[in-house]
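Letters go in sequence order (proteins before strands), and every chain restarts at 1.
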Number of protein chains: 2
Amino acid sequence: LLASAAASASDELLKMQDNADEWVMPTGNYANHRYSELDQINRDNVGDLNVAWTFSTGVLRGHEGGPLIIGDVMYVHTPFPNIVYALDLNDSGRIIWKYEPKQDPDTIPVMCCDTVNRGVAYGDGKIILHQADTTVVALNAETGAVEWKVANGDPKVGETGTSAPMVVKDKVMIGISGGEFGVRGSMTAYNLADGSRAWRAYSMGPDSDILVDPEKTTHLGEPVGKDSGMNTWEGDQWKIGGGTTWGWYAYDPELDLIYYGTGNPSTWNPSQRPGDNRWSMAIFARNPDTGMAKWVYQMTPHDEWDFDGVNEMILSDQEVGGEMRKLLVHFDRNGFGYSMDRETGQLLIAEKFDPVVNWATHVDLKTGRPQVVSKYSTAQNGEDVNTTGICPAALGTKDQQPAAFSPKSGLHYVPTNHVCMDYEPFRVSYTAGQPYVGATLSMYPPEGSDHMGNFIAWDATKGEIVWSNKEKFSVWSGALATAGDVVFYGTLEGFLKAVDAKTGEELYKFKTPSGIIGNVTTYVHGGKQYIAVLSGVGGWAGIGLAAGLTDPNAGLGAVGGYAALSDYTALGGQLTVFAVD
Amino acid sequence: LLASAAASASDELLKMQDNADEWVMPTGNYANHRYSELDQINRDNVGDLNVAWTFSTGVLRGHEGGPLIIGDVMYVHTPFPNIVYALDLNDSGRIIWKYEPKQDPDTIPVMCCDTVNRGVAYGDGKIILHQADTTVVALNAETGAVEWKVANGDPKVGETGTSAPMVVKDKVMIGISGGEFGVRGSMTAYNLADGSRAWRAYSMGPDSDILVDPEKTTHLGEPVGKDSGMNTWEGDQWKIGGGTTWGWYAYDPELDLIYYGTGNPSTWNPSQRPGDNRWSMAIFARNPDTGMAKWVYQMTPHDEWDFDGVNEMILSDQEVGGEMRKLLVHFDRNGFGYSMDRETGQLLIAEKFDPVVNWATHVDLKTGRPQVVSKYSTAQNGEDVNTTGICPAALGTKDQQPAAFSPKSGLHYVPTNHVCMDYEPFRVSYTAGQPYVGATLSMYPPEGSDHMGNFIAWDATKGEIVWSNKEKFSVWSGALATAGDVVFYGTLEGFLKAVDAKTGEELYKFKTPSGIIGNVTTYVHGGKQYIAVLSGVGGWAGIGLAAGLTDPNAGLGAVGGYAALSDYTALGGQLTVFAVD
Ligand SMILES: O=C(O)c1cc(C(=O)O)c2c(n1)C(=O)C(=O)c1cc(C(=O)O)[nH]c1-2
Ligand SMILES: O=C(O)c1cc(C(=O)O)c2c(n1)C(=O)C(=O)c1cc(C(=O)O)[nH]c1-2
């Protein structure tokens, strides 16, 4: 009985994701659209938006992700210590239940980029929480009671959890963090019914570990061949090879494939790991039942800049070059926006989504390889040499902040970073549980720019920016597109903004309590449309404020670039819910 | 030059307090009215109130007090670590400067009732901060630079600071906390120019310490006589006698008198301190230049219930019994609302402001003494006996949450507690810096009541409740009355409420991020009226949430009574600013 109930979790979720009144998964839907059919709030009236109610989470530091709304209940999660609240929408957000795990605070120092958490998942009556200490917990959605618990990793060796789980069919997909601690990344599927492990696919290692079939799994149409996850590494370096999986996941129920990206190879000093370092910096398409990879594509072979490939995969059906395509659109840290055929893994388009990107001239669509500009190659320049003026900075033209896609406008709305860096690699030795970084960074706006972010509309069928709005700081918040022809996002200073989906014209802004790095959501309750967003400055961009760091090179190089943030906002942790009266 | 500038601080403040656009002292004005002449927001349109902007303070736990608004700048303070922000009202609350003192966290455990702070004062271009560790700091209001600093007490012996300073003439009045640690209370005046000490008046001790003139200082019209601060104590108990001064202060510039109350005698076990324990539980009227007392009145001789006398003194001119009077109205913890002649200290009226008050039948207006009901006398019942059903509880029918007075309606608007208790005294010995409490308490709603608070309108010329609104929890927030015939207050669940000044009818409510124990303020910027309030649950009533306590008897007995609060709100620290569009 349990098993059959669980088997239908995807079916239930597929129905629920089509009910625009609810917001049933962190990504909005399996396709990562972050789009809502709701149009009560629209271009004409969004200027009349008002705050309907608010909720303090009781936790400070970076609040990523956003709430789930299922029926009359809103589920709100927090950064470490990863509290989950079930709030009663029928009673002014009264707390129906609260779950607060006990976690060893020693987990905090092994979290690379603030104590963030990107949200909880729902499936088959359970709320799935992915704790900082990697514990995965299934809570009864009605009562908050623990149904099962499993440890996905071990913070003692630098393994942590920040990513939002995704429930697919009868399983929960869970990634892992720790690329700055030499963790070997993996994606693990747990059975939703009881938390038992179904499969685990590492990002590098023997074929049996990475779940690729040397003959059938393809890279740009070619079989990957035997030992693809080892033969581009020197010696045992793959064992501490990074390629963590802390970003966003997607699922195509028709193709029955899950998609996700892998992070940087460890260490950040490229000279210590010659080779392409497969499959770090790659997109995997896998069968959710077995974990077996159908295809894989590596965006940044032999990374020299920390351009993790974990950003979301947005699945859309659009015409490219006159042909309808099942697209996978991916805005990579490396500054290229990729449009791929998600069935085959074929690369269709790869274009810069910020013109200042300078580390590569272009991506060769045949080989898939970026053409690196020598001057910006930290590997070529070598250890203990400071390579300057690389664009983008390590946090990429886009980091974890997810873009939205409007099937109505056909455009992608992308929160971006407009930041460059100096990068000086140095030799580092590995000790389990200790930082394994090997580079000193500093970050700053591109030459001649006085702003550090853009919010852009992107045409993925052409690989072109349609419009671009400047933002003082990187836009570290996730976007929401709606059928009301309005796109929402938050800023690091704390503004929630609404812009015209067609033109980018700013239609509304409101100063929330703290910087926004959460993702905007929308739902209907009692017949009325609401917009909800978490405030709470932090994440990598806000790490200076969040962790109280002031040395410009601290926080993996981010502190200096964002120092001015403290003139605009202070730590927080609040949900703000808006409506038009 | 400096001295003459400082001498005029009161003159400047008197002008500024009459400018309804600003909010220049925590109490609204010297008379503690918390009343504003502004009427843009009024009975007719308050229902259209909306949130204009918000600000997270970056600190959790109880946020008491409220911001100052001076010119285009808003000054916001926080609980420990007592950050002060200057926010630019012309630029969406951008942070002009931030001052964060370094304080020993060992101060926290010697704060009896959460890490609260009731606000900063302004005078002569300086912002005066009273830190938890008792340091008094004068900051340049424009730059935040420290102009001077002085230690008023020593946390190592249990002395802490929570009260808002008051600038009077060329001096700053500073009280002290620590009644639960055997601190001997005092009021100290520091010179605004340089922080040097002008005078200190203890609450008990030799006449030279308490600054009373045995012949000229009166109690209900009679000279207090020699050694009044010692001869109602046994032995040296007065040296650890309590009578701290952590509440609100008032000033009458015409009479040139400051007013404030003193707290409970230490310990809470009355058997260890026979006698009236003067001048704990008393109101002092003192000359601000010399500190010399003109009159004093003790509300609760020989306290047996922890009914600190520190609540605010509201100065109004009203007719009582056909005669115009310079009134001092005081809603005491003990449940009696006192109307006194503030010139002479004569007691005019003393009536219960919650009918459930049962520990005394009435107050004898001649002797000033409450007529104690034996059954509720914890002293008569003796040590190690649990006296049950005492109303009010130790936190009184009202605690620090200040009432407002509308000269327009002639009514006082009083946030109250509707809570009773069991009280079991036990023998305790004194160790400097250690809790010196000596009683176990539990708190609960009065029999037959399902609510723990009332928000009432009070006619101080008659000693009568005019209307009374039930609230689920104690109303721990300070009230604001306005010429718009609207009264504002916050609730522990987090609602900001606006009610009709005449009838109490609820006109507006909004769920702010966290429970409200701050005091509502109003101001005008750019021609528009705003309402501002701090959220952040805590204080004594919210100590369970604030300090993470769950034992019902913990938090000096408050945890059990308010346990249900966690169903409504979580910790916070946010400013919410409202306006009518
Ligand atoms: O390599 C990793 O395992 C890892 C983990 C995380 C994370 O879990 O938050 C981030 C990163 N890397 C990273 O490179 C990065 O830019 C980043 C930004 C953020 C954030 O939440 O703002 N997390 C992370
Ligand atoms: O005796 C003291 O020195 C002292 C200090 C304080 C304080 O400083 O907050 C409180 C009390 N007593 C007290 O009795 C009390 O009810 C109380 C409530 C609160 C609060 O802020 O909620 N503080 C205090």
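Taking chain B as the reference chain and counting heavy-atom pairs below 4.5 Å, the highest number among A:S514, A:G494, A:A570 is found for A:A570. Comparing B:I96, B:L571, B:L575, B:I95 by heavy-atom pairs within less than 4.5 Å of chain A, the highest count is held by B:I95. Top candidate by heavy-atom pairs under 4.5 Å with chain A, chosen from B:P513, B:G58, B:G536, is B:P513. Interface check for chain B: of the options A:L87, A:V51, A:L545, A:V59, the most heavy-atom pairs under 4.5 Å are formed by A:V51.
Geometrically, B:K497 does not engage B:Y489 in a cation-pi contact defined by less than 6.0 Å to the ring centre and at most 45° from the axis.
Closest approach of A:I41 and A:L49 over heavy atoms only: CD1-CD1, 3.8 Å.
The shortest distance between side-chain heavy atoms of B:Y508 and B:V486 does not fall below 4.5 Å.
Using a 4.5 Å cut-off between heavy atoms, A:V577 does not touch chain B at all. Neither the backbone nor the side chain of A:S535 comes within contact range of chain B; no heavy atoms are under 4.5 Å apart. Neither the backbone nor the side chain of A:T576 comes within contact range of chain B; no heavy atom of the residue lies under 4.5 Å from a heavy atom of that chain. Looking at A:Y568, the atoms closer than 4.5 Å to chain B (heavy atoms on both sides) sit in the backbone and in the side chain alike. Only the side chain of A:D581 comes within less than 4.5 Å of a heavy atom in chain B; its backbone stays farther off.
Under the 6.0 Å cut-off for aromatic ring centres, B:Y85 and B:Y99 do not qualify, their centroids lying 6.0 Å or more apart. For A:F510 and A:F578, the gap between ring centers is short of 6.0 Å.
Remark: the backbone N or O of B:Q529 is paired with a side-chain donor or acceptor of B:Q40 at under 3.5 angstrom. Formation of a donor-acceptor pair under 3.5 Å by the A:D114 side chain with backbone atoms of A:V116 is not found in this model.
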